[in-house]
Amino acid sequence: MASKSTNIKGEIGKRFGLIYIGTIVFAIAVIFKVVWLNIWEHDKWVKRINESQKEIEIEPNRGDICASDGHSILATSIPYYEIRLDTRAVSNDVFKKNIDSLSLCLSRLFKDKTEYEYKRALLSAHTRGDRYYLVHRRVNFVELKELKQFPLFRLGRFKGGIITVQENRRVRPFESLAARTIGYEKQSGVKVGLEGAYDKELSGEKGYFIGQRISGGYYVPIDDDSQIEPKDGYDIITTIDINLQDVAHSALQNQLQKHGAKYGTAILMEVETGDIKAIVNLTKDDLSGRYVESYNYAIGTRTEPGSTIKLASLMAGLEDGCFDLDDSVDTGNGKWKIYNMTISDTKKEGHGKISVKHVFEVSSNIGVAKLITESYGKNPAKFINRLHNMSLDAPLELEIQGGRDGYVKSPDDKLWSGVSLAQMSYGYETEFTPLNILTFYNAVANNGKMMRPRFVKKIVDHGQTIRTIPTEVINPSICSRETIRKAQEMLCGVVENGTAKNMRNSTYKIAGKTGTAQLNQNGTYRYQGRVAYQASFCGYFPADNPKYSCIVVVNAPTSGVYTGNWAAGPVFKEIADKVYSTHLELHKDAKHDNLVETKDLVPISKSGYYIETKYVADKLDIPLEFAGSKSEWISTNKTDSTVKIQNRVIDKNAVPYVVGMGAKDAIFILENAGMTVSVVGRGMVTKQSMRAGDLFKKGDKIILTLS
């Protein structure tokens with residue numbers, strides 16, 4: 001027995017010995033491998049890890065560009081989603097159970113493939129074991145909410161395999177309104193307009209996550225701890241009034257179409273601040289024949305301005321004491337030769353001997369040229385210096401890129417000739433952008449104080465002001481108060497007694513100047529086989545207490561109508577009428593020469609339901625004028641003789657725009673869309689708490705402010 005027991009113990013000892021030796025060998029092998037990997041293969045494996053993991057940037061939400069009310073969105077980033085499927089996250093049983101119903105739901109939602117096509121594609125992806133299979137691109141938020149309730153996808157990321165990748169797309173809810181000034185991103189990546197000027201503020205700060213590379217070259221987050229959230233961009237509040245922008249756009253577009261013009265621009269400025277309340281730039285697309293916003297002519301195109309420059313010319317002479325308004329000048333029989341050039345007036349038989357004031361009112365080229373050449377012919381530099389001192393060509397230093405400064409020719413210029421002074425006096429051999437001219441006229445309306453045009457009022461973050469953009473003064477006094485008074489008198493005379501008598505009305509007074517200039521198109525004064533002209537009107541209103549200034553330019557009309565009073569004036573008048581009719585504070589300044597005349601004025605009409613508006617108009621015998629086809633909901637614009645009607649599109653998938661409507665119509669639209677409405681005040685809707693174009697959920701509360 002002892003021998004047997006000894007043998008068993010020996011056998012056990014041998015086995016433990018082998019295990020011990022094996023453990024030692026294994027440990028040595030592990031240590032060797034670790035040392036090998038950390039020393040000899042260190043770089044190799046670090047490289048592979050780096051290749052499989054990557055820091056992925058997360059783009060922040062770009063800030064909104066808003067109208068002056070702080071609510072109407074001019075540009076915003078709408079989230080869209082890319083839907084992918086991780087087939088390895090889904091068990092075979094669950095996949096087979098849901099594939100038919102999922103395919104049917106996808107087909108019904110997107111309507112781009114049949115149920116069979118979706119099923120075949122999903123089965124193929126599952127068979128391959130795709131980790132990042134693309135189901136659909138550009139899915140909006142509403143579609144995403146519905147899609148997350150579909151069979152399989154409702155199980156979530158880890159059981160249903162659904163992967164959503166957000167991307168933001170920049171959109172303008174009001175489409176072409178002020179599109180070129182608001183701006184966009186070019187294919188080169190360069191941003192223009194306000195998008196470019198305030199890119200840093202709008203962009204925000206990027207976030208990131210550490211992603212693990214999976215098949216197909218895609219990266220998915222390793223864990224939540226590795227992610228740093230992005231910081232969204234700030235919003236910018238512009239000076240643009242979306243209602244006035246809409247009116248200016250429509251008025252200019254209709255006029256350009258009527259006269260077949262090449263392009264046109266209209267700018268509305270607030271006198272006291274220099275705020276740009278509306279800016280329109282429309283050019284004719286040769287392929288479609290439509291007018292689109294493709295270039296910012298208002299700030300970027302310099303042309304010979306024509307007769308609008310006569311204001312500066314005569315102000316220079318008045319300031320230097322060369323003549324006065326009551327002095328007379330002989331304009332002759334309508335033609336005057338200076339050196340080898342003949343200057344003509346539009347009145348063929350001429351105006352004869354008239355006062356300086358009437359020279360301006362009837363826009364006599366001869367009268368202005370004679371006055372300036374007689375006053376400054378021996379010292380043209382004095383005239384040029386006076387224009388400089390009045391800041392006619394002062395740099396505007398706009399925040400928007402692409403703006404050009406005015407050009408005033410100098411006697412030292414190699415192209416200066418004996419007729420240059422005369423030519424410059426009535427609008428040739430000198431170049432300005434429409435905004436250059438408007439800024440000067442605005443200074444006259446502002447009693448001599450020249451304001452820098454302002455496009456943005458402030459920068460905000462979730463309603464909190466981050467930075468206010470102050471108003472800036474270019475020149476506190478472009479000339480003496482006496483000269484300003486005389487300039488204002490001349491401008492009123494143009495509308496009351498001169499070339500713009502067609503713009504008079506009994507409600508409020510307009511002051512301004514017509515302009516008509518032959519266009520130099522690449523060295524030739526012709527467009528589409530005929531002599532090309534540029535028509536303009538620049539002025540302000542109400543003339544007795546100026547609040548707004550405006551310029552309208554119509555370039556190369558082809559209808560035969562090319563004078564400033566008829567080609568550009570009606571656009572100015574329509575914009576001014578809209579401002580006056582919707583800004584009650586202006587009415588207290590109105591001075592009626594004959595109160596009896598006011599009883600026949602067309603009443604102000606709220607925007608709203610077309611059928612009811614037409615019913616009231618028919619009963620009261622108020623003429624309606626339609627711009628475009630008739631629709632269910634409309635916007636209205638009062639003129640002296642009619643109420644103009646335009647379509648108003650109501651999008652039920654986003655917050656509707658109801659400013660300008662009565663409470664009844666606004667509440668009807670919003671409640672039908674599924675929103676809860678609260679009303680403050682009475683009258684017309686002037687403000688809505690939720691921005692038009694934003695997405696909303698059923699039951700969201702919106703507050704309407706009425707006045």
Side-chain angles (χ1 to χ4, degrees), residues 58-83 110 136-147 164-199 201-204 230 232-238 240-243 245-246 249-250 278-282 285 290-296 400 455-456 459-460 462 647-659 673 675 688 690-697 700 702:
I58 306 174
E59 292 292 333
N61 290 321
R62 190 170 177 83
D64 294 338
I65 299 178
C66 304
S68 59
D69 60 10
H71 298 283
S72 302
I73 298 178
L74 303 177
T76 188
S77 295
I78 300 294
Y80 281 83
Y81 302 86
E82 194 174 81
I83 308 301
F110 298 121
H136 210 278
R137 284 193 173 94
R138 298 180 65 79
V139 176
N140 63 40
F141 181 73
V142 175
E143 291 171 334
L144 177 64
K145 287 180 64 177
E146 183 177 351
L147 186 139
T164 60
V165 181
Q166 181 177 329
E167 58 179 16
N168 294 323
R169 185 167 68 94
R170 203 67 171 164
V171 298
R172 292 189 298 269
F174 293 99
E175 297 180 344
S176 61
L177 293 187
R180 193 54 183 76
T181 301
I182 295 166
Y184 54 88
E185 183 174 344
K186 295 182 178 180
Q187 290 183 347
S188 62
V190 176
K191 297 180 180 68
V192 299
L194 294 176
E195 292 278 15
Y198 291 89
D199 184 52
E201 292 83 353
L202 291 165
S203 293
D232 292 343
Y234 296 139
D235 298 336
I236 64 173
I237 309 300
T238 70
I240 293 173
D241 184 313
I242 196 61
N243 291 319
Q245 180 70 36
D246 188 23
H249 184 102
S250 175
I279 179 168
V280 188
N281 295 280
L282 295 174
D285 179 63
R290 297 188 306 108
Y291 285 90
V292 296
E293 285 240 353
S294 61
Y295 185 77
N296 203 330
I400 298 176
F455 290 88
V456 173
I459 299 166
V460 301
H462 296 94
N647 292 340
R648 177 175 284 206
V649 178
I650 302 298
D651 185 359
K652 294 184 179 180
N653 295 320
V655 175
Y657 182 65
V658 295
V659 171
M675 307 180 75
Q688 56 187 78
M690 295 183 69
R691 293 178 294 192
D694 278 2
L695 298 174
F696 68 94
K697 296 181 292 186
D700 279 355
I702 183 170

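Being a predicted model, the structure only gives us computed values, none of them experimental.
- In this structure, Pro656 and Gln688 have side chains that are not in contact, with every pair of non-hydrogen atoms separated by 4.5 Å or more.
- For Gln166 (side chain) and Pro79 (main-chain N/O), no donor-acceptor pair under 3.5 Å exists by modelled atom type.
- Separation of atoms CZ (Arg169) and CG (Asn140) is listed at 10.0 Å; rounding is to 0.5 Å.
- A distance of 12.0 Å separates CD1 of Ile83 from CZ of Arg137, quoted to the nearest 0.5 Å.
- Although no hydrogens or angles enter the test, the distance criterion places no donor-acceptor pair under 3.5 Å between the side chain of Glu82 and the main chain of Thr164.
- Using modelled atom types, no side-chain atom of Asn61 and backbone atom of Asp232 make a donor-acceptor pair closer than 3.5 Å.
- Once rounded to the nearest 0.5 Å, the distance linking OH of Tyr234 with CD1 of Ile459 reads 9.0 Å.
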Going through the distances and angles, do Leu202 and Arg170 end up as a side chain to side chain contact (heavy atoms under 4.5 Å, CB included)? CA-CA 12 Å; Leu202 291 165; Arg170 203 67 171 164; 4.3 Å; yes
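- Contacts of His136 classified as side chain to side chain donor-acceptor pair (under 3.5 Å), with partners at least two apart in sequence or in another chain: Asp112.
- Separating the CD1 atom in Ile73 from the CD1 atom in Ile182 is a distance of 11.5 Å, to the nearest 0.5 Å.
- Residue pairs meeting the salt bridge (Lys or Arg N to Asp or Glu O under 4.0 Å) criterion with at least one partner in residues 61-80, sequence neighbours excluded, are Arg62-Glu195, Arg62-Asp199, Asp64-Arg691.
- Expressed to the nearest 0.5 Å, how far OH of Tyr198 lies from CD1 of Ile400 amounts to 8.5 Å.
- Here the closest heavy-atom approach between residue Phe110 and residue Leu147 is recorded as CZ-CD1, 3.7 Å.
- Residues Pro60 and Gly204 approach most closely at CG-C, 4.1 Å, considering heavy atoms.
- When atom types are taken as modelled, the side chain of Ser68 and the backbone of Ile240 share a donor-acceptor pair closer than 3.5 angstrom.
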What do the steps show when you test Arg172 against Ile65 for side chain to side chain contact (heavy atoms under 4.5 Å, CB included), and what is the final call? CA-CA 9 Å; Arg172 292 189 298 269; Ile65 299 178; over 6 Å; no
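- For the atom pair Phe174 CZ and Leu74 CG, the distance stands at 7.0 Å (nearest 0.5 Å).
- A search for salt bridge (charged side-chain N to carboxylate O under 4.0 Å, His left out) contacts involving Arg290 returns nothing, not counting sequence neighbours.
- Between Glu293 and Leu282 there is a side-chain heavy-atom pair separated by less than 4.5 Å.
- The two residues Val192 and Arg180 make their nearest non-hydrogen contact at CG2-NH1, 3.7 Å.
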Should Phe696 and Ile702 be marked as a side chain to side chain contact (heavy atoms under 4.5 Å, CB included) after you check the CA-CA gap, both sets of side-chain angles, and the distance that decides it? CA-CA 10 Å; Phe696 68 94; Ile702 183 170; over 6 Å; no
